[in-house]
Amino acid sequence: MGFVETLRWRGMIQDIMPGTEELLKKEKVAAYVGIDPTADSLHIGHLVSIMLLKHLQLHGHKPLIVMGGATSMIGDPSFKSDERKLLTRETIEYNSSCIKKQFSLFLDFDSSDNAAELLNNYDWTKDYTFLNFIRDIGKHISVNYMMAKDSVKKRLETGISFTEFSYQLLQAFDYLHLYQHKNCRLQMGGSDQWGNITTGTELIRRVCGGEAYALTCPLITKSDGGKFGKTESGNIWLDSQKTSAYAFYQFWLNCSDEDAKKFIRIFTLLPQEEIIQLEKEHEQAPHLRILQKTIATELTICVHSLNTYNKVLEATEILFGKSTADALANLSEEMFLSVFEGVPTFNVARSAIENTINIVDLLVEKANVFSSKGELRRLIKEGGLFVNKNKVLEEILVNQDYLLNNKYILIQKGKKNYYVIIVS
RNA sequence: GGGGGGAUACCAGAGUGGUCAAAUGGGGCAGACUGUAAAUCUGUUGGCGAAGCCUUCGGAGGUUCGAAUCCUCCUCCCCCCA
């Protein structure tokens with residue numbers, strides 16, 4: 001199956017420029033996606049772009065990643081309603097270096113004939129003077145053309161700075177540069193990038209009469225309309241410092257059936273037959289959540305490692321399995337810590353619980369697990385609070401007998417939210 | 001420059017002198033059901049406490065026994081006319 005065909009089957013194509021498929025079948029080319037280094041880690045919203053490049057490389061083409069060292073100094077206005085905040089050079093540089101490492105989890109940077117390559121558009125824009133740029137590049141694209149893009153329309157009503165308006169030209173220039181220097185013939189990205197990408201192909205056509213292509217993937221949405229990749233606590237990051245491996249695994253495990261069917265094709269590399277087989281199995285026994293588990297497993301191993309995955313599984317087993325309060329009490333300290341790695345912790349002085357303390361005072365005043373006593377009392381009334389896996393139905397008094405390993409108290413809000421109190 | 005409308009809890013949006021900690025919907029949280037799903041249903045959603053009290057309706061003052069509600073000024077937003 002060809003590259004484009006593969007993507008089509010996986011539901012990863014929103015728009016594709018005519019001729020793209022033929023070109024990729026005929027010859028090996030380089031293709032790129034741009035990444036804005038706006039944070040020091042990638043999050044799962046970036047994953048689609050990464051997978052596009054992964055498939056590309058698997059089909060023998062050369063993946064290029066372009067860090068928006070220059071463009072992220074400007075800010076992409078596409079479909080945004082507000083002016084972007086400008087980042088400093090130092091931040092961008094630091095972020096780029098962090099992101100670079102994460103890419104090597106997915107792409108092969110060492111292969112002999114189509115190694116992935118990471119570039120920074122700052123390198124080819126930093127010495128380009130303003131005069132030269134508007135003379136060499138700006139001359140080829142009309143403002144009328146730029147304003148006609150859907151991506152900037154929203155901002156034309158409310159106002160857009162010249163800085164942000166010029167963004168698409170800058171991105172188009174990237175494409176031109178890569179076309180000329182890297183034999184790059186294809187740019188990919190999320191569907192919101194279509195406007196920027198086509199400005200690039202247009203520029204290439206006008207400057208050197210070249211044919212360059214565009215391919216975008218659909219914006220990932222959740223079946224309930226919520227924003228993909230966001231939870232109450234924010235983004236799901238690839239960096240385990242920001243999102244623990246446990247939380248990462250849980251995120252995928254908790255996908256709805258409907259989303260899982262979509263995600264398994266997009267976010268795993270499993271072959272077509274296997275996915276179809278898994279879908280069948282899932283259909284027959286949905287409660288086993290085979291799809292969710294497969295996605296979670298594949299991604300956790302890829303992003304975090306097999307070893308971490310095994311720990312996460314263990315933790316999951318203890319937190320959601322049949323394990324009881326007894327099992328919890330019998331955990332070794334080492335095991336306990338590994339299970340609850342990534343769970344929010346709160347430190348409390350030992351003196352606080354030496355002479356018994358009301359659970360409400362402990363969790364609101366001593367440890368800031370809950371922000372108000374009313375909230376916690378409500379939770380208790382509703383039967384949603386657990387201490388060391390035991391349901392708490394009234395305002396109990398806590399003392400040293402509650403300590404696990406003479407050091408920890410496990411607090412649970414509802415079924416899924418855990419907090420660890422460390423007494424020191 | 002003239003005229004009009006508006007700003008209410010996370011969001012949307014009722015409320016136009018006391019019965020308003022403020023309808024309703026969405027969202028959030030929890031419970032039930034289940035499969036750590038979806039859908040559904042229930043409860044809850046300012047703070048502290050047992051009753052009750054305290055701080056909230058853009059900001060600052062004022063009228064009143066009593067103001068989200070009336071008056072004055074200020075800030076911001078929208079619309080119409082010039």
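Lettering of chains follows the sequences in order, A, B, ..., and the numbering in each one begins at 1. Just so it is clear, the structure is predicted and the values come from calculations on it, not from any experiment.
Base pairing of U75(B) is made with A7(B), judged by Watson-Crick or G-U wobble geometry with both donor-acceptor distances under 3.5 Å. Summarising the base pairing, A12(B) is matched to U24(B) through a Watson-Crick or G-U wobble pair whose two defining distances lie under 3.5 Å. Applying the Watson-Crick and G-U wobble criteria (two distances, each under 3.5 Å), G1(B) pairs with C81(B). Here A30(B) sits opposite U42(B) as a Watson-Crick or G-U wobble pair (both hydrogen-bonding atom distances under 3.5 Å). Checking U55(B) for Watson-Crick or G-U wobble geometry (two distances, each under 3.5 Å) identifies no partner in any strand.
Within 4.0 Å of Leu379(A), counting heavy atoms only, lie sugar-phosphate atoms of the nucleic acid but no base atom.
Distance, Glu317(A) CD to U36(B) P: 11 Å, rounded to whole Å. Atom CD in Glu395(A) sits roughly 8 Å away from atom P in A50(B) (whole-Å rounding). One can place CZ of Phe386(A) at 14 Å from C1' of C29(B), the figure rounded to the nearest angstrom. Between the CG atom of Asp257(A) and the P atom of U36(B) there is a distance of 12 Å, given to the nearest Å. The nearest whole Å value for the distance from the CZ atom in Arg377(A) to the P atom in G31(B) is 19 Å. We find that CD of Gln250(A) is positioned 10 Å from P of A37(B), with the value rounded to whole Å. Rounded to whole Å, the distance from CZ on Phe251(A) to P on A37(B) is 14 Å. Spacing between atom CD of Glu375(A) and atom P of G28(B) amounts to 15 Å, rounded to whole angstrom units.
Across U56(B) and A68(B), the matching C1' atoms stand 10 Å from one another, rounded to whole Å. Annotation: A23(B) and G4(B) have their C1' atoms spaced 28 Å apart (nearest Å). With P as the reference atom, A9(B) and G15(B) are 16 Å apart, rounded to whole Å. Using atom P as the reference point in both G46(B) and C20(B), the two lie 16 Å apart (nearest Å). Atom name P, nucleotides U69(B) and U19(B): the rounded distance is 13 Å, in whole Å. Annotation: G26(B) and U42(B) have their P atoms spaced 12 Å apart (nearest Å). Taking the P atom of each, C70(B) and A7(B) are spaced 11 Å apart, rounded to whole Å. For U64(B) and U72(B), the C1' atoms lie 16 Å apart once the distance is rounded to whole Å.
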Please produce a list of atom pairs where a protein N or O lies less than 3.5 Å from an N or O of nucleotides 42-46 of chain B.
{"from": "G43(B)", "atom 1": "N2", "to": "Glu382(A)", "atom 2": "OE2", "distance (Å)": "2.9"}
{"from": "G43(B)", "atom 1": "N3", "to": "Glu382(A)", "atom 2": "OE2", "distance (Å)": "3.3"}
{"from": "U44(B)", "atom 1": "O2'", "to": "Arg378(A)", "atom 2": "NE", "distance (Å)": "2.9"}

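In this structure, Tyr128(A) has its ring center under 6.0 Å from that of Phe173(A). Proximity of the aromatic rings of Trp252(A) and Phe267(A) is defined here by a centroid distance below 6.0 angstrom, and this criterion is met.
Between Tyr408(A) atom OH and Ile421(A) atom CD1 the span is 13.0 Å, to the nearest 0.5 Å. With rounding to the nearest 0.5 angstrom, the CG atom of Leu253(A) is 11.5 Å from the CG atom of Leu291(A).
Side-chain proximity of Asn254(A) to A30(B), A38(B), U36(B): nearest is U36(B).
Listed pair Lys415(A) / A32(B) meets the phosphate criterion, a side-chain N or O lying under 4.0 Å from OP1 or OP2. A close approach under 4.0 Å does occur between a side-chain nitrogen or oxygen of Asn417(A) and OP1 or OP2 of A30(B).
Ring geometry, Tyr419(A) versus Phe346(A): the interplanar angle falls from 30° to 60°, so the pair is classed tilted.
Taking the nucleotide of RNA chain B with the nearest heavy atom to each of Thr316(A) and Lys373(A), the more 5' of the two is matched to Thr316(A). Comparing Gly383(A) and Lys416(A) along RNA chain B, the residue whose closest nucleotide (by nearest heavy atom) sits nearer the 5' end is Gly383(A).
Every residue two or more places apart in sequence or in another chain was checked for a salt bridge (Lys or Arg N to Asp or Glu O under 4.0 Å) with Asp257(A), and none qualifies. The side chain to side chain donor-acceptor pair (under 3.5 Å) search around Ser338(A) returns none, not counting sequence neighbours.
With hydrogens and angles disregarded, a donor-acceptor distance shorter than 3.5 Å links the side chain of Ser166(A) to the backbone of Thr163(A).
The residue from Asn121(A), Thr125(A), Asn196(A) that alone fulfils the side chain to side chain donor-acceptor pair (under 3.5 Å) condition with Thr71(A) is Asn121(A).
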